[in-house]
Amino acid sequence: MKLLKHDRDTVGDFQRRVLLHIPVGFICAISVLGHWALTLALTAGFLYYENNEDLHEKDKAWKDTFGWLTGAVMGSFTVMGLRLG
């Protein structure tokens, strides 16, 4: 799985953290079907949490954000498919 490897990952937990955060991004994107403000609140909350956690733990939050973004893109395509279908 070349896609789930990254040169900047020195710890070796990139794959696990990406896979854990894909559902979070997917839920954030799908929530636009309810109301756009819910999507905005979930996205802002997630990004605030990850940045705050990185300040305290220095755990390279970009790995979690990459997983969230992957899920958000997948969810966005799902929403577009539902709206067009």
Side-chain angles (χ1 to χ4, degrees):
M1 297 234 318
K2 179 88 171 121
L3 175 66
L4 290 178
K5 293 187 188 249
H6 201 281
D7 297 334
R8 289 179 24 197
D9 181 25
T10 56
V11 180
D13 63 345
F14 180 72
Q15 298 89 347
R16 181 178 54 87
R17 288 174 62 182
V18 165
L19 290 175
L20 282 172
H21 288 84
I22 286 176
V24 178
F26 190 83
I27 290 170
C28 283
I30 288 293
S31 67
V32 78
L33 293 173
H35 197 277
W36 63 268
L38 180 59
T39 302
L40 183 64
L42 289 173
T43 300
F46 174 78
L47 294 176
Y48 175 79
Y49 167 77
E50 286 300 332
N51 287 330
N52 187 38
E53 181 186 35
D54 197 45
L55 288 174
H56 298 296
E57 295 187 21
K58 304 288 186 220
D59 68 341
K60 298 183 180 178
W62 64 269
K63 298 173 187 178
D64 302 335
T65 306
F66 182 84
W68 173 85
L69 185 60
T70 304
V73 168
M74 290 168 38
S76 297
F77 283 133
T78 302
V79 169
M80 286 190 290
L82 289 172
R83 298 264 171 135
L84 292 175

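Heavy-atom basis, side chains included; hydrogens, waters and symmetry copies ignored.
- Applying the salt bridge (charged side-chain N to carboxylate O under 4.0 Å, His left out) definition to pairs two or more places apart or across chains, none involves residues 40-51.
- Atom CG of Asn51 and atom OG1 of Thr65 lie 6.5 Å apart (nearest 0.5 Å).
- Both Trp62 and Val18 are members of a single hydrophobic cluster when ILVMFWY side chains are connected at heavy-atom separations under 4.5 Å.
- Clustering ILVMFWY residues whenever any of their side-chain heavy atoms sit less than 4.5 angstrom apart, transitively, puts Ile22 in the very cluster that holds Ile30.
- Atoms NZ and NE2, from Lys63 and His21 in turn, are 11.5 Å apart once rounded to the nearest 0.5 Å.
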Show which side-chain atoms of residues 69-85 pair as donor or acceptor with protein atoms under 3.5 Å away, not counting sequence neighbours.
| unit_1 | atom_1 | unit_2 | atom_2 | d |
| --- | --- | --- | --- | --- |
| Thr70 | OG1 | Phe66 | O | 2.8 |
| Ser76 | OG | Ala72 | O | 2.8 |
| Thr78 | OG1 | Met74 | O | 3.0 |

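- In this structure His56 satisfies the side chain to side chain donor-acceptor pair (under 3.5 Å) test together with Asn52, sequence neighbours excluded.
- Under the rule for a salt bridge (charged side-chain N to carboxylate O under 4.0 Å, His left out), the partners of Asp59 that lie at least two apart in sequence or sit in another chain are Arg17.
- Rounded to the nearest 0.5 Å, atoms NZ (Lys58) and CD (Glu53) are 12.0 Å apart.
- Of all the heavy atoms in Ala61 and Asp54, the pair that sits closest is N-OD1, 3.3 Å.
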Output a table of donor-acceptor pairs, distance under 3.5 Å, between side-chain atoms of residues 41-49 and any protein atom two or more places apart or on a different chain; print 'none' if there are none.
| unit_1 | atom_1 | unit_2 | atom_2 | d |
| --- | --- | --- | --- | --- |
| Thr43 | OG1 | Thr39 | O | 2.9 |

